[in-house]
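Below: one structure, written as structure tokens.
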Protein chains: 2
Amino acid sequence: MVAAQAGVSRATVSRVVNGSPTVTPEIVESVNRAIAELNYVPNRAARMLASRRTQVIALIVPESSAKIFADPFFAQLVQGVALHLADTEYMLNMLIESEANSGKTRRYLLGGNVDGALVVSHHTGDHSYAQLNGTLPVVYGGRPLVPEDNEPYFVDVDNRGGAAAATEHLIGTGRRRIATIAGPQDMPPGFDRLDGWRGVMRANGLDDSLVAQGDFTVASGAEAMRGLLEREPGIDAVFAANDQMAVGAYQALAESGRQVPGDVAVIGFDDNSFAETASPALTTVSQPAVGMGQAMAELLVQIIEGRPHQDHLVLPTTLVRRASA
Amino acid sequence: MVAAQAGVSRATVSRVVNGSPTVTPEIVESVNRAIAELNYVPNRAARMLASRRTQVIALIVPESSAKIFADPFFAQLVQGVALHLADTEYMLNMLIESEANSGKTRRYLLGGNVDGALVVSHHTGDHSYAQLNGTLPVVYGGRPLVPEDNEPYFVDVDNRGGAAAATEHLIGTGRRRIATIAGPQDMPPGFDRLDGWRGVMRANGLDDSLVAQGDFTVASGAEAMRGLLEREPGIDAVFAANDQMAVGAYQALAESGRQVPGDVAVIGFDDNSFAETASPALTTVSQPAVGMGQAMAELLVQIIEGRPHQDHLVLPTTLVRRASA
DNA sequence: ATGAAAGCGCTAACAA
DNA sequence: TTGTTAGCGCTTTCAT
């Protein structure tokens, strides 16, 4: 180690580099000077090997979700993770999990190649990596679909609260025949958003039977809306579990000659580009995607470093008022 | 190395693991069996340290572009990179370059922590990392803004060809007063798309002066279209350098009471969600974002491994016909 | 508070 | 074809 030319031993240089408190200030300074002069950069591999710490965090994307890169929510989440990690000494390692390499990924994770893992299971609620828990710290994005014995760490957005806020807003503006286009019930966001709507409807003594289910696509939203209108022509508002389905509802509403928000108020969820470009601009529930990524990364680092931390976080959502409700 | 309990030396195990051809088949088999039984996973750090190869590829995102995660093009590009790398032994390392860590990133790259780097400079054409070339293999996404001495490796999409195809389509459908809403001319895509339009206009003896410039936002597209209409009310078609600006043009056209595509045909570029959800659905030029990511990753790996390769690739774009032209 | 010395787990000459 | 022998560059007891 050339930096030892600062007149001290390699061990001392190592101490300085790692911020050991047991080094004389003067020595610290001269070592730092030598480091600067020699433009020294510690070798990561050697450090890992000797310390048995990798300073690497894995971001696991289930293959089925590889396409969700196209999902702005996911993209922002990754951005949040990267942003938080940029301030730390950790590196991000993206693993796309595919059938071909499922065992490979698991072995990689358990092979001591990373200090912890982040799993994005937003859509499926699949926490199959839970088995890693106990062996390797893992933080999930999105709550597990079903509560598990070994409560995994996770960060989620307040889907229920967001849906409730949207529904309350609708009621607050005088709507009474409020329908909802729900998402798949085997996905936590789909389930929670329906649950939030239902809770508020009941609390206000309103009919909570106007439920149609879609699969988060525009087409399914249109389809669901048509069915809803057929069942109850008097609908004066609809809460869709995501923006795409809300846009689909727009289409069905237009077909039936109804105006938004004049005849029917519409609120979506996600606040993605569909909401902004829809006409009229869609009132929707915004979720802190970047913040979720940051929170996940932060939580994982806290766990890895044995610092105090929550076991899970639920981030607040906000209603974004535009023209549709 | 426990696997040596297969009755051979550590060196032989290493050879088997690394697929050396100089090992007796029988031994290979027994070693593999031992590996399986002992559930052995080679330690990455040790391997890196000894071989001086990291099997890690950095993906550098200039901070100013961190937000471009929201850009579907970028998201798909990352997906492509990850998909290609999933089939190799390389890991992906995302580095978000910020002012705070600019030197840090550079040192990290030069500190032997990665085998190569991918730089996404799509929007700016900034190839400031070119200096890394020669030290570390670097492949850029998007051509450099100005040709450089040490021609860097890059993968680009055929912006000029896409623009030309769009313009030809317009001419082919009988349009003659064709305007264009160009992007910033200090960004390669902005420049090349204008250039493609101009080339075809001239080749067909048409007026190539109907140019207005925007900054790739919806608002700038509307603004540009208004100006164009003022200069030449007889415009019967417009090619916008991206979909957002095309949507902006829709707005200006609607304000002036013109129909799309009846009075004015419109073609965009990118084929993102704006194109699909616009009404009427926007005819646009689609670029292979995922393919670009894959190509970048493939090229970099070829360079790293000293295999034969191109110095740069330009991927074809395709015209996606929808309702606006 | 600092140095000496022993590895971390693997690869890569060099021998055999 | 296989084994031997050195390290790769750093951290970390253990002395001092």
Side-chain angles (χ1 to χ4, degrees), chain A residues 1-35 37-56 89-91 107-115 304-306, chain B residues 1-35 37-56 89-91 107-115 304-306:
Chain A
M1 201 195 291
V2 230
Q5 310 327 35
V8 297
S9 73
R10 300 145 44 96
T12 299
V13 172
S14 176
R15 291 190 182 98
V16 172
V17 169
N18 293 291
S20 162
T22 78
V23 185
T24 306
E26 296 171 3
I27 302 237
V28 171
E29 191 178 327
S30 72
V31 169
N32 279 329
R33 200 174 326 118
I35 287 179
E37 284 168 7
L38 281 62
N39 207 22
Y40 166 75
V41 181
N43 179 299
R44 196 175 192 87
R47 216 207 273 241
M48 281 188 201
L49 189 55
S51 69
R52 345 230 354 82
R53 270 178 291 108
T54 68
Q55 298 288 83
V56 174
E89 285 300 303
Y90 291 86
M91 307 271 41
R107 281 189 304 127
Y108 180 75
L109 294 175
L110 296 176
N113 295 298
V114 301
D115 289 344
I304 291 173
E305 299 184 345
Chain B
M1 201 196 290
V2 229
Q5 310 327 34
V8 297
S9 73
R10 300 145 44 96
T12 299
V13 172
S14 176
R15 291 191 182 97
V16 171
V17 169
N18 293 291
S20 163
T22 76
V23 186
T24 305
E26 297 171 3
I27 303 235
V28 171
E29 192 178 328
S30 72
V31 169
N32 279 330
R33 202 176 322 121
I35 286 179
E37 285 169 5
L38 281 62
N39 206 22
Y40 166 76
V41 181
N43 178 299
R44 197 175 191 85
R47 218 208 273 240
M48 282 187 200
L49 189 54
S51 68
R52 346 245 332 97
R53 270 178 291 105
T54 67
Q55 299 289 86
V56 173
E89 285 299 304
Y90 291 87
M91 307 271 38
R107 280 190 305 130
Y108 180 75
L109 294 175
L110 296 176
N113 296 298
V114 301
D115 289 344
I304 290 172
E305 299 184 345

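Here is how names work: the chains are called A, B, and so on, in the same order as the sequence lines, proteins then strands, and each is numbered from 1.
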Are the side chains of [Y] and [X] in contact, using a 4.5 Å heavy-atom criterion?
| X | Y | result |
| --- | --- | --- |
| A:R52 | A:M48 | no |
| A:R15 | A:V31 | no |
| A:I35 | A:V17 | yes |
| B:T22 | B:S20 | yes |

Applying side-chain contact (heavy atoms from CB on, under 4.5 Å), name anything that partners B:A46, two or more places apart in sequence or on another chain.
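Testing B:A46 for side-chain contact (heavy atoms from CB on, under 4.5 Å), a comparison that skips the adjacent residues, returns A:L49, B:N43.
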
Give a yes or no on whether A:E29 atom CD has more than 12 heavy-atom contacts from other residues, nucleotides or ligands under 6.0 Å away.
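Count not over threshold, so no.
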
Starting from [atom2] on [N], measure out to [atom1] on [X] and report it in whole angstrom.
| X | N | atom1 | atom2 | answer |
| --- | --- | --- | --- | --- |
| B:R52 | D:dC8 | CZ | C1' | 6 Å |
| A:N43 | D:dG7 | CG | P | 17 Å |
| A:N18 | D:dT13 | CG | P | 13 Å |

Quick one: which of A:T54, A:V56, A:D115 gives a side-chain contact (heavy atoms from CB on, under 4.5 Å) with A:Y90?
A:D115

When all nucleic acid strands are considered with a 4.0 Å heavy-atom cut-off, which category describes B:V23: base, sugar-phosphate, or nothing?
sugar-phosphate

For B:R44 and B:M91: C-alpha separation, side-chain torsions, deciding distance, then whether side-chain contact (heavy atoms from CB on, under 4.5 Å) applies.
CA-CA 11 Å; B:R44 197 175 191 85; B:M91 307 271 38; 2.8 Å; yes

Members of residues 44-51 of chain B that approach DNA chain C, where some heavy atom sits under 4.0 Å away:
B:A46, B:R47, B:A50, B:S51

Does D:dT2 have OP1 or OP2 under 4.0 Å away from a side-chain N or O of B:T24?
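Checking D:dT2 against B:T24, a side-chain N or O does come within under 4.0 Å of OP1 or OP2.
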
Please list, pair by pair, any protein nitrogen or oxygen found under 3.5 Å from a nitrogen or oxygen in nucleotides 3-5 of chain C.
| residue | atom | partner | partner atom | Å |
| --- | --- | --- | --- | --- |
| C:dG3 | OP2 | A:S9 | N | 3.0 |
| C:dG3 | OP2 | A:S9 | OG | 3.2 |
| C:dG3 | OP2 | A:T12 | OG1 | 2.6 |
| C:dG3 | N7 | A:R15 | NH1 | 3.3 |
| C:dG3 | N7 | A:R15 | NH2 | 3.4 |
| C:dG3 | O6 | A:R15 | NH2 | 2.5 |

